Amino acid sequence: MEKKLSPCAIALLVVIDELAARGKIASMDGLIKIVQGVVDSETEGFTDMIGFSSAISLKGKRAKNLLHSLVHQGYLDQRYIEGDYFLALRDSGRIIALENKAKVAQKSFKEPKLKRVTIRNI
């Protein structure tokens, strides 16, 4: 019996598929920045893409472990290019991405919650 994929894992697969549709490929760090909604010089062209900021709670080590798990489960393929590993979908990952694109689109473009002020002047 296959393990059910988490919403964050599905979001990552959809983002990789969307990048492939644009003729791009990303490393783990690049994918994490996109699903977290980080806007910088690398990601500013992807702010309108399905999956952008779809998993803002996904953080560093957990995100990388999730990506490694997707590689081991056969959803992703690693490609070594110019000193770094880049991730691409395998057929099984593409099927999951296409089935869940609409669901991830609903979760995309979220704004992070403002942090409550915990220290004030008296």
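Remember, predicted model here, so these are calculated numbers, not experimental data. No hydrogens, no waters, no symmetry mates; every other heavy atom, side chains included, goes into these values.
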Rounded at 0.5 Å granularity, tell me how far [atom1] in [X] sits from [atom2] in [Y].
| X | Y | atom1 | atom2 | value |
| --- | --- | --- | --- | --- |
| Gln106 | Ile50 | CD | CD1 | 10.5 Å |
| Ile95 | Asn100 | CD1 | CG | 12.0 Å |
| Ser108 | Glu18 | OG | CD | 8.5 Å |
| Leu76 | Leu12 | CG | CG | 8.0 Å |

Please answer: with hydrophobic residues joined when any side-chain heavy atoms are less than 4.5 Å apart, are Ile25 and Met49 in the same cluster? no

Among pairs that include at least one residue of residues 81-106, which meet ring-ring contact (aromatic ring centres under 6.0 Å, His included), considering only residues two or more places apart or in two chains?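 Every ring-ring contact (aromatic ring centres under 6.0 Å, His included) pair that includes a residue of residues 81-106, provided the two are not neighbours, is Tyr80-Tyr85.
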
Applying salt bridge (charged side-chain N to carboxylate O under 4.0 Å, His left out), which residue pairs with at least one partner in residues 55-76 are found, sequence neighbours left out? Asp29-Lys64

Intermediate values then yes/no, side-chain contact (heavy atoms from CB on, under 4.5 Å), Leu89 and Ile96: CA-CA 10 Å; Leu89 288 177; Ile96 300 287; over 6 Å; no

When you look at Val39 and Phe52, which way does the side-chain contact (heavy atoms from CB on, under 4.5 Å) test go after all the steps? CA-CA 10 Å; Val39 179; Phe52 186 82; 3.7 Å; yes

Please enumerate all residues that pass side chain to side chain contact (heavy atoms under 4.5 Å, CB included) together with [X], with sequence neighbours excluded.
| X | answer |
| --- | --- |
| Lys24 | Leu19, Arg22, Phe46 |
| Ser6 | Cys8, Ala9, Leu66 |
| Ala11 | Ser54, Val104 |

Among all residues two or more places apart in sequence or in another chain, which pass the side chain to side chain donor-acceptor pair (under 3.5 Å) test with Glu99?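 Testing Glu99 for side chain to side chain donor-acceptor pair (under 3.5 Å), a comparison that skips the adjacent residues, returns none.
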
In terms of heavy-atom contacts, does CZ of Arg79 have more than 12 from other residues, nucleotides or ligands at under 6.0 Å? no

Between [X] and [Y], is there a donor-acceptor pair closer than 3.5 Å when you use the side chain of the first and the backbone of the second?
| X | Y | answer |
| --- | --- | --- |
| Ser92 | Gly74 | yes |
| Asp17 | Leu13 | no |
| Gln36 | Ser53 | no |

For side-chain contact (heavy atoms from CB on, under 4.5 Å), just list the numbers for Leu5 and Gln73, CA-CA rounded to whole Å, side-chain angles, deciding distance to a tenth of an Å, and then say yes or no. CA-CA 10 Å; Leu5 293 176; Gln73 291 175 18; 3.6 Å; yes

From CA spacing to verdict: side-chain contact (heavy atoms from CB on, under 4.5 Å), Glu44, Asp40: CA-CA 6 Å; Glu44 65 187 354; Asp40 62 10; over 6 Å; no

